[in-house]
Each structure stands twice: as structure tokens, then as C-alpha cells.
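Have a look at the structure below, then the notes.
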Amino acid sequence: MNRGIVVVVSGFSGAGKGTLMKKMITEYDEYALSVSMTTRQPREGEVDGREYFFTTHENFERLIGENMFIEHARYCDNYYGTPRMFVDEKLAEGRNVLLEIEVQGALQVRDMYPDAALLFVTPPSVEELENRLRSRGTETEEKIQQRLARAKEEAKFIDRYDYLLINDDLDRCKEEMHRIIRAAHASPKYNAELVRSLTTDLERY
Ligand code: 5GP
């Protein structure tokens, strides 16, 4: 059985990443979704161990010291990190592990897992992004402006990603994402061992 791939998914707030992740794990067996740890307060409806593992700053810093995270980052005064154990277990079982994380973390993952696939999800236009943020109806004008300002910063990193995923239609986007991951399994980066052995064997000639 082949090892799975680490699939990093980042994107603007309002791009629909969360819904896309849920769709991926319910529709295809070969994906597992990593649950991050954070020091931020749970939002209404969030359950410990489902959306996040919620913890204190003190505990988070202790776990950083114990090398329990693949990556971690600070985002709006809170820590967020990906626990290592779940990811490594699922990869060994042959599942592709989805990490929905922001850009600083995404780049750390690339260092740790060189064959990771980095996907950036965006709505088709800024106008559409703004519409989606407003139509949630839960955000103040100040928060909407904050998220758009952050999107402007995040956009500077899009070139560091491997694939751009345009979320105009959820089902189309899900299928496209699945195709991308299938294709990533055929990349020489993912097949580094085979490439090495082919190269070594060819040295005889
Ligand atoms: P929120 O507080 O809205 O749930 O998440 C804020 C940001 O943190 C989002 O961009 C989300 O993708 C990112 N995030 C969630 N979990 C992690 C993580 O484990 N590591 C990193 N680097 N970012 C994360």
C-alpha cells in the first residue's frame, strides 16, 4: 500500500474551505481531516476535538517544546498548530491528510514533507469574496474589512502554492481537488524512492 500525501489547504476567509473539507471526507474514503489545536476560545457550536482541540497558551507552549506539532503559527493573537501523531498515523495507513491552515504554517509543512501538495482556495473574484463575507450576516463591518485586509496579505503568498482552486461551485471544486491529489501521487517528488532506485540501477550502464 502506498503512503498518503499531506494536502495543505489555505485560502481567504470566505473562500468556503471548511465546507469543501467536509465534502472531501464524506465523499471519498481516502482522505482524513487533521484536527488542529488552538488557544482561541471556542465559537458557538464548536466542539472540543471536532473543530479544534482547545487549550491554554501555557499548555500549547509546553507542547511546542515537546515537538508535538508538525507546524504552528500565531494568528490574531492565538496559537494554532497541527498535532504530529494523527498525521503520521493516517499517512502510514495510506490516507491523504487534509490540513486546513494559514500560509505561515503551510510553508513550514512544505519543509517537513517535501512531497506535500499545497492548494490555495479562492472565490472567482474579490467582489464575490466580499459578497460571501457579507452574506454570512454574522460579521460586523469592521471584521469584514479586517478579513479583506488579511486576504490582501495572504494573496502575496499564492505563488508559493502548487495549485489554485477556484471555488465557484462546491461539487465542481471538490472533484477538481480530488483530481489534483490523484495527479500529485504521480509526481516525481512523491515517488522519490523509485526515482532514486531507477537512477542507481541505471548507473550500471
Ligand atoms: P479560525 O480561528 O477562523 O478557526 O482560524 C483562523 C486561521 O487559522 C484560518 O486561516 C485557519 O485555516 C488557520 N488554522 C487553523 N488551524 C491551523 C493550524 O493548525 N495551523 C496553522 N498554521 N493555521 C491554522
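For ligands, and for the atoms within them, numbers begin at 1 and follow the listed sequence. Since we're looking at a predicted model, the values are computed, not measured.
At distances below 3.5 Å, at least one donor-acceptor pair connects side-chain atoms of Asn191 with backbone N or O atoms of Ser187.
Applying the 4.0 Å criterion to heavy atoms of Arg43 picks out, from ligand 1, the atoms 1 (P), 2 (O), 3 (O), 4 (O). Interface of Ala73 with ligand 1, defined as ligand atoms under 4.0 Å from a residue heavy atom, comprises 22 (N). Close approach to Gly105 involves these atoms of ligand 1, each under 4.0 Å from a residue heavy atom: 22 (N).
The shortest contact between atom 22 (N) of ligand 1 and any protein heavy atom is with Glu102 OE2, 2.6 Å. The nearest protein atom to atom 4 (O) of ligand 1, hydrogens excluded, is given as Tyr52 OH, 2.6 Å; this is a heavy-atom distance. Considering only non-hydrogen protein atoms, atom 6 (C) of ligand 1 sits nearest to Tyr75 CE2, 3.4 Å. Annotation: atom 2 (O) of ligand 1 to nearest protein heavy atom, Tyr80 OH, 2.5 Å. Ranking the protein heavy atoms by distance from atom 19 (O) of ligand 1 puts Ser36 OG, 2.6 Å first.
A cation-pi geometry, defined here as NZ or CZ lying under 6.0 Å from the six-membered ring centre and within 45° of its normal, holds between Arg150 and Tyr75.
At a cut-off of 3.5 Å, with distance as the only test, no side-chain donor of Gln108 or Gln104 sits close to an acceptor on the other residue. Judged by distance alone, the side chains of Glu71 and Thr82 do bring a donor and an acceptor atom under 3.5 Å apart. Side-chain contact annotation: Thr39 with Asn78, donor-acceptor N/O pair under 3.5 Å present.
Of the listed options Arg40, Gln104, Glu46, Glu100, Glu100 places a heavy atom closest to atom 14 (N) of ligand 1.
Under 4.0 angstrom from ligand 1, the non-hydrogen atoms of Glu71 all belong to its side chain. At a heavy-atom cutoff of 4.0 Å, ligand 1 is contacted by no atom of Met21, backbone or side chain.
At most 12 heavy atoms of other shown residues, nucleotides or ligands fall within 6.0 angstrom of atom CD in Glu142. Heavy atoms of other residues, nucleotides or ligands lying less than 6.0 angstrom from CG of Asp77 number 12 at most.
Using a non-hydrogen distance threshold of 4.0 Å, Phe69 does not register as a contact of ligand 1.
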Could you please spell out the steps behind the ring-ring contact (aromatic ring centres under 6.0 Å, His included) verdict for Phe157 and Phe120? CA-CA 9 Å; Phe157 290 90; Phe120 196 94; 9.4 Å; no
